[in-house]
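Since the structure comes first, as structure tokens, the remarks are kept for the end.
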Amino acid sequence: MDKRWATVAIAGVMEIIWAIAMNHSNGFTIWYFNLIVVTFLMLSTVLLSKSLKSGIPTGAVYAVWTGIGTIGTTIISILLKIETVTILRLIFIVLIVTGITGLYAVSFK
């Protein structure tokens, strides 16, 4: 994985962190979760912007970024028992992973 895509991956991980923190913020009433949300949302967005500036196609960057966030947030929510696991949910996660892998594979210049 080159540095440009590593930046997208890190931005996706940051998205997972702020999404999980937002769920725990109780409607933005717990200050330390609010701080985590704002901090990691900003970091994720800055890294996304840096990735877009690097020349990777916009659609691919955005799809991979949101895909990492979606998959990671779903898996962590299942592990924390915030969400339930179903076979259909797992199938759709695999489809997202397949799409991300495909976009990554065809997005090299």
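The model shown is predicted, which means the values in this text are computed figures rather than measured ones.
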Quiz item: Does the pair R89 and I78 meet the rule for a side-chain contact (heavy atoms from CB on, under 4.5 Å), with working shown?
Solution: CA-CA 10 Å; R89 186 169 287 207; I78 289 169; 3.8 Å; yes
Quiz item: Y104 and V8: side-chain contact (heavy atoms from CB on, under 4.5 Å), yes or no, with the steps?
Solution: CA-CA 11 Å; Y104 173 77; V8 177; over 6 Å; no
Quiz item: Would W18 and L43 count as a side-chain contact (heavy atoms from CB on, under 4.5 Å) if you check the C-alpha gap in whole Å, the side-chain angles of each, and the deciding distance to 0.1 Å?
Solution: CA-CA 10 Å; W18 72 256; L43 288 171; over 6 Å; no
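The closest donor-acceptor contact from the side chain of T101 to the backbone of V97 lies under 3.5 Å. Between the S49 side chain and the T45 main chain, no donor and acceptor come within less than 3.5 Å of each other.
When hydrophobic clusters are built by joining Ile, Leu, Val, Met, Phe, Trp and Tyr residues whose side-chain heavy atoms come closer than 4.5 Å, directly or via intermediates, L88 is not grouped with I71. When hydrophobic clusters are built by joining Ile, Leu, Val, Met, Phe, Trp and Tyr residues whose side-chain heavy atoms come closer than 4.5 Å, directly or via intermediates, V37 is not grouped with I76. Put simply, L35 and I17 are part of the same group of oily side chains (I, L, V, M, F, W, Y) that touch within less than 4.5 Å, one to the next. Connection of F40 to V38 is not established within any shared hydrophobic cluster, with ILVMFWY side chains joined at heavy-atom distances below 4.5 Å, either directly or through further cluster members. Note: the hydrophobic cluster containing L41 also contains I30 (ILVMFWY, side chain heavy atoms under 4.5 Å, direct or indirect links).
Rounding to the nearest 0.5 Å places OG of S25 at 13.5 Å from CH2 of W31. For the atom pair CH2 (W65) and CD1 (I10), the distance works out to 14.5 Å, reported to the nearest 0.5 Å. Separating the OG1 atom in T70 from the CD1 atom in I96 is a distance of 5.5 Å, to the nearest 0.5 Å. Rounding to the nearest 0.5 Å places CD1 of I75 at 8.5 Å from CG of L90. For the atom pair CD1 (I91) and OG1 (T86), the distance works out to 8.5 Å, reported to the nearest 0.5 Å. T74 contributes atom OG1, which lies 5.0 Å from atom CD1 of I93 (distance to the nearest 0.5 angstrom).
Scanning for ring pair (Phe, Tyr, Trp, His ring centres under 6.0 Å) contacts around F92 gives an empty result, with sequence neighbours left out.
Between H24 and I20 there is a side-chain heavy-atom pair separated by less than 4.5 Å. Annotation: side chain of I68 is not in contact with side chain of E15 (no heavy-atom distance under 4.5 Å). Looking at V94 and T98, their side chains come closer than 4.5 Å, going by heavy atoms from C-beta outward.
Scanning all heavy atoms of the two residues, the minimum distance from S51 to T7 falls at OG-CG2, 3.4 Å. Taking both residues in full, the closest heavy atoms of I100 and A63 are given as CG1-O, 4.4 Å, listed atom of the first, atom of the second, then distance. Between I16 and G72, the closest heavy-atom pair is CD1-CA, 3.4 Å. The two residues A11 and L47 come nearest to each other via the heavy atoms CB-CB, 3.6 Å.
Within 6.0 Å of CZ in F33 there are more than 12 heavy atoms belonging to other residues, nucleotides or ligands.
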